[in-house]
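Computed from a predicted model, the values in this text were never measured in an experiment.
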Amino acid sequence: MLLKPENQNIYKRQLALLLFLIVPAAKLLLLPTLIVFHAKQDAALAMLIGSAIDFLLLYLVTVAINIAPQKTLFSILQETFGKVPSQIIMLFLSAYFMMRAFPVVFEQKGILTHSLYQNLPFVATIVPYFIVLIYVATKGPRVIGRNADFFWLIFGVALVLLFFLSIPNTDYSNLLPVLYEGASPMFRGIFSNLIWFGDFTMLFCFMGRIHLEKRQTFRPLYLSAIVTSLIVVLFFATFTAVFGETAVKQIYALAKMSKYTAFFSNTGRFDWLSIFILLIGIFMNAAVMIYSASECIRQAFNMRNNYIPGFICGGILFFALAFIGQQFPLVYDFYARYLNYFVLVFQVVLPLILP
């Protein structure tokens, strides 16, 4: 069951659309509350700074890809560090992607079970989800790229609709005063939530699999990164403007933004249609993370395909969600206290040394 050659490549256009899907989706549920806890009314400014840093690191990764477009990450590391150290690095990188996948899957489980299907058992909601998730993650870059081609437009329409429905509730005076407590709470908010940044790291596992074109340019990817960053910053500003000092208590921000629009008193909350569509982006984020984690293992041990590592990574994530999914505050505290320096290695150090 080899991965067919035509399934191994992804177009830069598809990478740009994939970034458009997964970046806003991963930052619109729990992260607004977590950032507001530290940065208060400066949450949008914190996201602007975090997104700018991510963009610079994205640029460095694309420079490395342009230098050696046909080389995988493992082959580049092997030339520098040797085989065994490179295998160890790839295993740690796989663990990093699993760490990124857990909050995303938890968020999707949370909004489904707590907001929509409160009485359904864990197995009924999560097992079908994981079956589809692992299937998409193990089918290769081309299938992931085709999903991005198909979903990006309806995802964008749903995002615009949700913003439109939230505007009547905004009070932008809630964003003032700017930097009232200085810049340190802002940076503390970024550092405490590093795992929600660094979406560009998915490119590590698409290295060597990007379709070669006559014009080797990453402009679509840069444009997508800028647009998604602006979307996220606007969302955080709107979220803070809507809820003000109570924003820190609003879990699953995506579902709360338009909740109090007067229009819904007569029509019902049809904004859930938009929320369901936006959950597609969260699903794709988790699929890309599992693909990346399994691809690291496949490259490190020269395996024929992603099926075995994909099932292993998906299985670990499933059991982690089953056993500690109800203890997310403890998991988050562990992330924020002990794992941020580990995350920095792959989100900052690795992009800096690649070119």
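In this structure, F204 is not a member of the same hydrophobic cluster as Y11, with clusters built from ILVMFWY side-chain heavy atoms closer than 4.5 Å. Hydrophobic clustering (side-chain heavy atoms under 4.5 Å, transitive across Ile, Leu, Val, Met, Phe, Trp, Tyr) keeps L28 apart from V160. No continuous path of ILVMFWY side-chain contacts below 4.5 Å connects L175 to L34, so the two sit in separate hydrophobic clusters. No single ILVMFWY cluster, assembled from side-chain heavy atoms under 4.5 Å apart, contains both I22 and V157. Following chains of ILVMFWY side-chain contacts shorter than 4.5 Å, one can reach F106 starting from F323, so the two form part of one hydrophobic cluster.
The two atoms that bring C313 and I297 nearest to each other are SG-CD1, 3.9 Å, heavy atoms only. The nearest pair of heavy atoms linking M284 to N147 is CE-CB, 3.7 Å. Summarising the geometry of E107 relative to W196, their closest heavy-atom pair is OE2-NE1, 3.4 Å, with the distance given to 0.1 Å. Counting all heavy atoms, side chain and backbone alike, I134 lies closest to G310 at CG2-O, 4.2 Å. Closest approach of G314 to F130, counting heavy atoms only: O-CE2, 3.6 Å. Across C205 and S292, no two heavy atoms sit closer than the pair SG-O, 3.3 Å.
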Intermediate values then yes/no, side chain to side chain contact (heavy atoms under 4.5 Å, CB included), V23 and N285:
CA-CA 8 Å; V23 173; N285 189 300; over 6 Å; no
Verdict with reasoning, T228 to L230, per side chain to side chain contact (heavy atoms under 4.5 Å, CB included):
CA-CA 5 Å; T228 53; L230 292 175; over 6 Å; no
Pair R142, N9 - check side chain to side chain contact (heavy atoms under 4.5 Å, CB included), show working.
CA-CA 6 Å; R142 191 184 183 201; N9 291 334; over 6 Å; no
Q347 and R100: CA distance, side-chain angles, deciding distance, side chain to side chain donor-acceptor pair (under 3.5 Å) verdict:
CA-CA 11 Å; Q347 289 186 190; R100 287 186 62 87; 3.3 Å; yes
Full working for side chain to side chain contact (heavy atoms under 4.5 Å, CB included) between F102 and I324:
CA-CA 10 Å; F102 180 79; I324 61 175; 4.0 Å; yes
Begin from the C-alpha positions of Y335 and S192 and carry the test side chain to side chain donor-acceptor pair (under 3.5 Å) through to its verdict.
CA-CA 8 Å; Y335 272 49; S192 298; over 6 Å; no
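Checking each of L77, L57, V61 against L350 for a side chain to side chain contact (heavy atoms under 4.5 Å, CB included) leaves exactly one that passes, namely L77. Each of Y341, F334, F342 was evaluated against Y338; a single residue qualifies, F334, per the ring-ring contact (aromatic ring centres under 6.0 Å, His included) test.
For the pair S229 (side chain) and A225 (backbone), a donor-acceptor distance under 3.5 Å is present. The backbone N or O of M186 sits nowhere less than 3.5 Å from a side-chain atom of D42 that would complete a donor-acceptor pair. Side-chain atoms of N340 come within 3.5 Å of backbone N or O of A336 as a donor-acceptor pair. In terms of modelled atom types and a separation under 3.5 Å, the side chain of D333 and the main chain of P329 share no donor-acceptor contact. Judged by distance alone, the side chain of T170 and the main-chain N or O of Y172 form no donor-acceptor pair under 3.5 Å. A distance-only check finds a donor-acceptor pair linking the side chain of S294 to the backbone of I290 [under 3.5 Å]. With R298 contributing its side chain and M303 its backbone, the two residues share a donor-acceptor pair below 3.5 Å. For Q41 (side chain) and P177 (main-chain N/O), a donor-acceptor pair under 3.5 Å exists by modelled atom type.
Atoms CD1 and CD1, from I49 and I190 in turn, are 5.0 Å apart once rounded to the nearest 0.5 Å. For the atom pair NE2 of H211 and CZ of R13, the computed distance is 10.0 Å after rounding to the nearest 0.5 Å. To the nearest 0.5 Å, the span separating CE on M207 from NZ on K71 amounts to 10.0 Å. Expressed to the nearest 0.5 Å, how far CD1 of I231 lies from OG of S51 amounts to 11.0 Å. We find the OG1-CD1 distance between T138 and I308 to be 11.5 Å, quoted to the nearest 0.5 Å. Atom CG of residue L161 and atom CD1 of residue I277 lie 8.5 Å apart, to the nearest 0.5 angstrom.
Looking at heavy atoms from C-beta onward, P351 lies in side-chain contact with F200 at the 4.5 angstrom threshold. Between L58 and F218, every side-chain heavy-atom pair lies at or beyond the 4.5 Å cut-off. L344 has its side chain out of reach of V349: every pair of non-hydrogen atoms, C-beta onward, lies at least 4.5 Å apart. Put simply, the side chain of L203 reaches to within 4.5 Å of the side chain of L15, judged on heavy atoms. Using a 4.5 Å heavy-atom threshold, the side chains of I65 and F206 count as separate. Residues N174 and F243 are not in side-chain contact: their nearest non-hydrogen atoms beyond the backbone lie 4.5 Å or more apart. Looking at F97 and E295, their side chains never come closer than 4.5 Å, going by heavy atoms from C-beta outward. Proximity of I144 to K139: side-chain heavy atoms (C-beta onward) are nowhere separated by under 4.5 Å.
For OH of Y332, the number of neighbouring non-hydrogen atoms (other residues, nucleotides, ligands) closer than 6.0 Å is greater than 12. Other residues, nucleotides and ligands place no more than 12 heavy atoms under 6.0 Å from the CD atom of Q70. For F301, the CZ atom sits in a packed shell: over 12 heavy atoms of surrounding residues, nucleotides or ligands are nearer than 6.0 Å. A 6.0 Å sphere centred on CD1 of I251 holds no more than 12 heavy atoms belonging to other residues, nucleotides or ligands. Other residues, nucleotides and ligands contribute more than 12 heavy atoms inside 6.0 Å of the CZ atom of F328. Counting non-hydrogen atoms of other residues, nucleotides and ligands closer than 6.0 Å to CZ of F311 gives a total of 12 or fewer.
Taking the charged nitrogens against the carboxylate oxygens, E245 and K40 have no contact shorter than 4.0 Å, which rules out a salt bridge.
Because its NZ or CZ atom is not both nearer than 6.0 Å to the ring centre of F74 and within 45° of the ring axis, K83 does not count as a cation-pi partner of that residue.
Checked against the 6.0 Å centroid threshold, Y129 and F283 count as a close aromatic pair.
Under the 30°/60° scheme for interplanar angles, the aromatic rings of F20 and W152 are found to stand perpendicular.
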